[in-house]
Asks: 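Sharing a structure, written as structure tokens. Questions coming.
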Amino acid sequence: MSIRPPTLREKRRYLLARIDPAGTILEAKDLYYATYEAVVSLFGDVAAAAMQPSVLAVEKGYVLLRCRRGAEREFAIALSTLSLCRDCTVAIRVIAVSGTLESLRERIATIVPKAPVLPGPDTLPTEEGTAGTTPCGYRFGSTPVDVVIRNGHKVDVIEKGFKNTRRLFLTTEDLETLHATTIPDGL
Amino acid sequence: MKITDACVYPFPVGDSSVQRYALEARSFGYDSIVAADTPAAEVCGITVFPGIFLTCIPAKDVQSRAKKSRGTGAVVAVQIGDNGFNRAVAGTTGVHILRGIHAADKRAFDHVAAKIAADNNTALDIDISALIFGRGHLRQKAIHRYLDLMILYRRFEFPLTISSSARSVLSMRTVREVTGLCSLFGMDEIDVQAALAGVSRVTDPGESIVKVIK
């Protein structure tokens, strides 16, 4: 079938959404299946066919999605019910809706430099007697943890250990430096 | 009027700290959260209410627990049971919220319980986790219960609250997402705003409607 002229083409809407937790790497294809399952389970096959949900790209922790014009509200509701993508717990937060992909890409460009998500602990509490940028151990309560991602005050960590390790969502205030209280009195 | 998430479970039940919940809640458009077994606090401009969630205990014990928690500023929420239990608990002073209607029996919360809840200013909770994580029959049942609840709400005007029952910050939803999810069972934006302010309505009823002037 030949390509239709622009006036005869279906009107589309493009959605920009953030993938939480930060640093999660997802394949666009997996996300498409998860999205489609969320739409179908909530609204059914007929609504999904009319909505034409699609995942266009996953870029810098954000995802660009597409649907038919007029169905973007329902699509956003369905996206808010998405919680798993290939055994990985995620949340898709819709940030913006637009008529063009270009404007959403511009939006990503404005968001990303403002909120750099960096691995490493240079804004975390420091070990006594060490510079702030040197990596050191941390604990949350009595559990030693490894920092995975930090974003401002938000810190994602993973419990240290061989089994039952899970990702914890904390802030810089929650973390304590390992051995910070074991400095001898004579020093 | 505070926009409140009526139930979150911080660490160790969940995987997120209270501070992190507060940070996320602020970016999601909330003013306060009710956190299970957490002391009252003000974190990053977000008010953290201590939450006491009572499940599977008889009505007598609910009364004694509610009495104990009076004056502590805690939000007492009770899991819905059978019809008799719900009527008893809805009329108990000190119980703020009835939770778990999405999983309750069809006849568990009827017009009599609704009237008692309205008279006693006890809120009914809408748990959006049933809509987010439920699939198939479970989600259909939850939507059905919420539709029934909305009929009673329009008739008796008891307070409503909305909770995410989040065990992780990933399970929390923005106010806009909550509005969208609640539209699935016929809540409009005004109803959602009123429901999100439900916790402040039940914990701080304010001045009574009828004033005695001497």
Side-chain angles (χ1 to χ4, degrees), chain A residues 17-22 24 34 37-38 40-44 47 72-85 88-97 115 140-143 145 149-159 164-176, chain B residues 8-29 38 41 43-46 48 128-140 142-143 162 164-185 187 189 192:
Chain A
R18 190 181 70 232
I19 301 169
D20 275 355
T24 307
E37 189 273 332
V40 169
S41 70
L42 189 64
F43 294 112
E72 57 270 16
R73 197 175 151 275
E74 284 76 20
F75 191 32
I77 293 169
L79 285 173
S80 65
T81 67
L82 197 157
S83 57
L84 272 178
C85 180
C88 185
T89 309
V90 292
I92 305 293
R93 318 276 188 205
V94 175
I95 293 170
V97 181
F140 173 59
S142 58
T143 318
V145 292
I149 289 284
R150 63 169 182 80
N151 183 8
H153 283 290
K154 299 173 188 174
V155 185
D156 296 0
V157 300
I158 288 187
E159 288 173 314
N164 299 330
T165 56
R166 58 176 175 163
R167 189 168 177 148
L168 301 175
F169 301 93
L170 311 173
T171 61
T172 49
E173 288 85 18
D174 294 317
L175 289 178
E176 293 171 44
Chain B
V8 296
Y9 296 96
F11 189 85
V13 177
D15 63 9
S16 310
S17 66
V18 178
Q19 276 89 349
R20 183 62 182 269
Y21 272 121
L23 270 179
E24 297 286 351
R26 192 176 61 178
S27 63
F28 290 167
T38 305
V43 185
C44 312
I46 296 286
V48 179
I128 58 163
S129 70
L131 305 174
I132 296 167
F133 300 107
R135 289 286 185 274
H137 166 68
L138 287 175
R139 184 151 65 188
Q140 289 161 25
I143 291 172
I162 296 178
S164 63
S165 295
R167 284 175 164 76
S168 167
V169 287
L170 300 177
S171 309
M172 284 185 92
R173 292 293 179 266
T174 62
V175 171
R176 193 189 295 163
E177 286 171 332
V178 168
T179 309
L181 286 167
C182 290
S183 71
L184 295 173
F185 46 86
M187 275 183 101
E189 215 165 301
V192 174

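A, B, ... follow the sequence lines: proteins, then strands. Residue 1 opens every chain.
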Asks: Kindly give the heavy-atom pair with the smallest separation between B/Pro12 and A/Arg166, and that separation in Å.
Replies: O-NH2, 3.6 Å
Asks: Any side-chain heavy atom of B/Leu170 within less than 4.5 Å of one from A/Pro21?
Replies: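 A side-chain contact exists here, since the closest heavy-atom pair is under 4.5 Å.
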Asks: Quick check: closest heavy atoms across A/Arg93 and B/Val169, and the distance to 0.1 Å?
Replies: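 In terms of heavy atoms, the two residues are closest at NH2-O, 3.1 Å.
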Asks: Give the minimum heavy-atom separation between A/Thr81 and B/Arg135, together with the two atoms involved.
Replies: O-NH2, 3.2 Å
Asks: Before giving the answer on side chain to side chain contact (heavy atoms under 4.5 Å, CB included), spell out for A/Arg73 and B/Ser183 the whole-Å C-alpha distance, their side-chain angles and the decisive distance to 0.1 Å.
Replies: CA-CA 11 Å; A/Arg73 197 175 151 275; B/Ser183 71; 3.0 Å; yes
Asks: Using non-hydrogen atoms and a 4.5 Å limit, figure out which bit of A/Glu37 sits close to chain B: side chain, backbone, both or neither.
Replies: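 For A/Glu37, the side chain is the part near chain B, not the backbone.
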Asks: For the atom pair CG (A/Asp20) and OG (B/Ser171), what is the distance rounded to the nearest 0.5 Å?
Replies: 11.5 Å
Asks: Working to the nearest 0.5 angstrom, can you tell me the gap between B/Arg139 CZ and A/Leu42 CG?
Replies: 4.5 Å
Asks: With a 4.5 angstrom heavy-atom cut-off, is it the side chain or the backbone of B/Ser129 that approaches chain A, or both, or neither?
Replies: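 Neither part; nothing is under 4.5 Å.
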Asks: Who are the ring pair (Phe, Tyr, Trp, His ring centres under 6.0 Å) partners of B/Phe28, not counting sequence neighbours?
Replies: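 Not a single residue meets the ring pair (Phe, Tyr, Trp, His ring centres under 6.0 Å) criterion with B/Phe28.
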Asks: Indicate the atoms forming the closest heavy-atom contact of B/Leu23 with A/His153, along with that distance.
Replies: CD1-CB, 3.9 Å
Asks: Is chain A contacted by the side chain of B/Tyr21, its backbone, both, or neither, given a heavy-atom distance below 4.5 Å?
Replies: neither
Asks: Is it the case that the side chain of A/Arg167 and the backbone of B/Asp15 share a donor-acceptor pair, with hydrogens and angles ignored and the cut-off at 3.5 Å?
Replies: no
Asks: Does A/Ser80 reach the side chain of B/Leu181, with side-chain heavy atoms less than 4.5 Å apart?
Replies: yes
Asks: For residues A/Phe43 and B/Leu184, determine if any side-chain heavy atom of one lies less than 4.5 Å from a side-chain heavy atom of the other.
Replies: yes
Asks: Write down the atom of B/Gly180, the atom of A/Ile77, and the distance for their closest heavy-atom approach.
Replies: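 For B/Gly180 and A/Ile77, the tightest heavy-atom pair comes out as O-CD1, 3.3 Å.
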Asks: Can you name the nearest heavy-atom pair linking B/Gln19 to A/Thr171, along with the distance?
Replies: CB-OG1, 3.4 Å
